[in-house]
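The structure under discussion appears below in the form of structure tokens.
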Amino acid sequence: MSEADIELTGSQKSTIDSLLKGEAPIAPPAWLRARSVVDHESEVERAKADPDAFWAEKADALHWETKWTEVTRFDLPHHKWFVGGRLNATVSCIDRHVYSDRRNKAALIWVSEDGDERTYTYNRLYREVNRFANALRAMDVGRGDRVVIYMPLVPEGIITMLACARIGAIHSVVYAGMGTQALKARIEDAGAKVVVCSDATFRRGKRIELKPAVDEAVRDLTQVEAVIVHRRGSKPGDAAHEFESEREYDWYDVQAAHSIHCPPEVVDSEHPLFILYTSGTTGKPKGVVHATGGYMTGVNYLSRAFYQIEDRDIYWSTSDIGWVVGHSFIVYGPLSIGATVLVREGVPDYPTPDVTWELCERFGVNLMFTAPTALRMWMSHGADAVDKYDLTRLRLVACAGEPLNPEAHRWAQEHLVGQSDGMVVDNWWQTEIAGPVLGTLPSFEARMGKVGKTMPGVFASVVDKDGQPVEANSGGRLVIERPLPYMLRTVWNDDDRYQEYWSQIQVDGQPVYTAGDVAVQDEDGWFAVLGRMDDVMNVAGHRIGTADVEGSLLRHRDVAESAVVGLPDEVKGERIKAFVVLKSGVDVGAGLHASLRDHVREDLGPIATPSEIEIRDSLPKTRSGKIVRRLLRAESLGEDPGDLSTLAD
């Protein structure tokens, strides 16, 4: 297969070239390899020999009210796991620890940007979750009802997620940096009965109001029966707050009046645990649905097998509950194994560039999950901000969300885990697949620019458009040949859109899951993931559809046409550049660019705001009217756009 089959970008071609040069790998230290939780090779072989037996063994680590009768039932593209099994996710995450010697162990340690701290033992978390679960039940929220959560990384957000799971409600967390239209679209699509929000978040010392976006989003949505507001600065026992709307309630007021015990709603293994929206290529967000039994099995296993979290560890993920990482490896995965999780609201280099390392020293952090964007940001501040702190306990730093460049990898290996002789490891997964699929375990070497090997139970390959294997070290489509328990089950309200994942390619006559990423596999089975094939950008680990931003720009009163591309960025991975054609008669005044940016920021949130806007008289199009984004991107980078003849129609 030729690389032209997948229209490699210039940066993807240069990445393949650099991979072929073969930078020296980083060998794992003997002490870290010896304490590895699993033997990767034997686990892979066991999973290949009998996948059902392998996953049944992993599912046994959870608490099941009723055992399953079948491990799998496949009717591709649909797949069911642990058929007939019944459970409640919070029993595995909380109850079984409360009734053990972990009762008074710290479950969550929360730190705010201004230094405020709170610790929740498993016993306290049990009480707080049950109180809020009872509050939701009192509002007639129950099994299958949807609750949208629009909250920053605060304990109340995690408690709300678990409270929904407690009563069988389906939560949908919307990242608190998203704007009004993005929030409204998700509330509408989910058919949410209740919205739970914080009135504000804090970022770089500033209070950022969230409630106005909620007010505007729900104004004409009659489906929303209640808005529960977590008011920052208030606390349990404060005088009741009077809201202007009769459907608004104070978070603490509704929680405080209820019992600390709430019987868990036992649900079928395939009952949706949550909906999490991700950007697609159409401008309409995709509501990815994850099922309780399979999802919990995957994140429980991978918390131990990949992230290597042990009982006495302090584990810190710098992600947010608005993303799948926050769901899987802040909340459900670590809590299901009884871990202690450090969470911090705010950016990782404020109020000082070294605040992250001060916290690592103070709390004795052993394991960290972060994004390559964060590594590059810390790298830009210099090694002095890191080297003055004691990081001898920090043995593992795992990165995901975007490709990890070799420069950042080597810098982190030297300065973040150098004191402990630990490892920096890469891994790849998606919102649609809620845990690592490819990765580097600390028991084998880290190869620069390569994410690693398949995780146990994963059957992945790199193929051409016809499903044929590509040559080693050639670009192709990354596919997964067999369903995983922690994969999405459908797209909410749009199963046809879900089936597209499985309808693009067949391997040996069978449909396979197409990830949408360009990848390379070497002779030894190591993968490198080079980026997206579709019109989805990866900005600081956040997936943003070009259609989302283009649609927002088109809603601006002065815009006639728009096109958006992602360009390489040294820190964020990609930055957004927009091309705009104005309506006739519009004057290109000094404030136009700022107006366009403000419009997108209010509509979609800061993460989707273009860093560059170019005003044009026209946009390049095919004869059928499709905008040729590849040409715009190549022009911006000074690259050859390649053969455009195939785009003539």
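On a predicted model such as this, the values are computed, not experimentally measured, just so you know. Counting from 1, the numbers follow the sequence of the chain as shown.
With values rounded to the nearest 0.5 angstrom, S562 atom OG is found 7.5 Å from L619 atom CG. Expressed to the nearest 0.5 Å, how far CG of L183 lies from CD of E216 amounts to 10.5 Å. For the atom pair CZ (R344) and OG1 (T318), the distance works out to 10.5 Å, reported to the nearest 0.5 Å. Here the CD1-CG distance, from I505 to D464, works out to 7.5 Å after rounding to the nearest 0.5 Å. With rounding to the nearest 0.5 angstrom, the CD1 atom of I170 is 13.0 Å from the NE2 atom of H290. Here the CH2 atom belonging to W316 is positioned 5.0 Å from the CE atom belonging to M368, to the nearest 0.5 angstrom.
Contact of the W357 side chain with the L416 side chain is registered, since non-hydrogen atoms from C-beta on lie closer than 4.5 Å. Within the 4.5 Å cutoff, the side chain of C399 has heavy atoms near those of the T370 side chain. A heavy-atom distance below 4.5 Å is found between the side chains of M537 and V564. Put simply, the side chain of P285 reaches to within 4.5 Å of the side chain of R186, judged on heavy atoms. Counting heavy atoms from C-beta on, the side chains of M379 and H415 never come closer than 4.5 Å. Inter-residue side-chain proximity for V437 and L478 is flagged as unmet; no heavy-atom pair is nearer than 4.5 Å. Looking at L210 and D199, their side chains never come closer than 4.5 Å, going by heavy atoms from C-beta outward. Residues P77 and Y498 form a side-chain contact, since some pair of their non-hydrogen atoms from C-beta on lies under 4.5 Å apart.
Here the options are D598, L592, V600, the test is side chain to side chain contact (heavy atoms under 4.5 Å, CB included), and the partner is L596; only L592 passes. Of the listed residues (Y175, Y295, F274, Y332), just one forms a ring pair (Phe, Tyr, Trp, His ring centres under 6.0 Å) with H327, and that residue is F274. Residue V196 is tested with I159, V148, T160, V229 for a side chain to side chain contact (heavy atoms under 4.5 Å, CB included); the sole match is T160.
Between the side chain of E402 and the backbone N or O of T373, at least one donor-acceptor pair lies under 3.5 Å. Between the side chain of R146 and the backbone N or O of A190, at least one donor-acceptor pair lies under 3.5 Å. Remark: side-chain polar atoms of T201 are not paired, donor with acceptor, to backbone N or O of I208 under 3.5 angstrom. Not a single donor-acceptor pair under 3.5 Å links the side chain of S328 to the backbone N or O of G435.
With salt bridges taken as basic N to acidic carboxylate O contacts below 4.0 Å, none links D495 and R489. Ion pair E500/R497 not flagged as a salt bridge, since none of the NZ, NE, NH1 or NH2 atoms sits closer than 4.0 Å to an Asp/Glu carboxylate oxygen. Ionic pairing of D189 and K286 is not present here: no N-O contact between side-chain nitrogen and carboxylate oxygen is shorter than 4.0 angstrom. For R232 and E113, the salt-bridge test fails: no basic side-chain N is under 4.0 Å from an acidic carboxylate O.
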May I have the step-by-step check of side chain to side chain contact (heavy atoms under 4.5 Å, CB included) for L488 and Y513, ending in yes or no? CA-CA 11 Å; L488 79 163; Y513 175 90; 4.0 Å; yes

Assess the residue pair V491 and V289 against the criterion (side chain to side chain contact (heavy atoms under 4.5 Å, CB included)); give the C-alpha distance rounded to whole Å, side-chain angles, the decisive distance to 0.1 Å, and a yes or no. CA-CA 6 Å; V491 171; V289 178; over 6 Å; no

Step-by-step side chain to side chain contact (heavy atoms under 4.5 Å, CB included) determination, L530 to V520: CA-CA 8 Å; L530 309 182; V520 170; 3.8 Å; yes

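One side chain, D349 or H381, offers a donor N or O that lies under 3.5 Å from an acceptor on the other. At a cut-off of 3.5 Å, with distance as the only test, no side-chain donor of S198 or E156 sits close to an acceptor on the other residue. Defined by atom type and a distance below 3.5 Å, a donor-acceptor pair is missing between the side-chain atoms of E432 and T278.
Residue pairs that meet the salt bridge (Lys or Arg N to Asp or Glu O under 4.0 Å) test with at least one member in residues 558-572, sequence neighbours left out, are E561-K621.
Atom CG of D384 is surrounded by 12 or fewer heavy atoms from other residues, nucleotides or ligands within 6.0 Å. Counting non-hydrogen atoms of neighbouring residues, nucleotides and ligands closer than 6.0 angstrom, the CZ atom of R203 reaches no more than 12 such neighbours.
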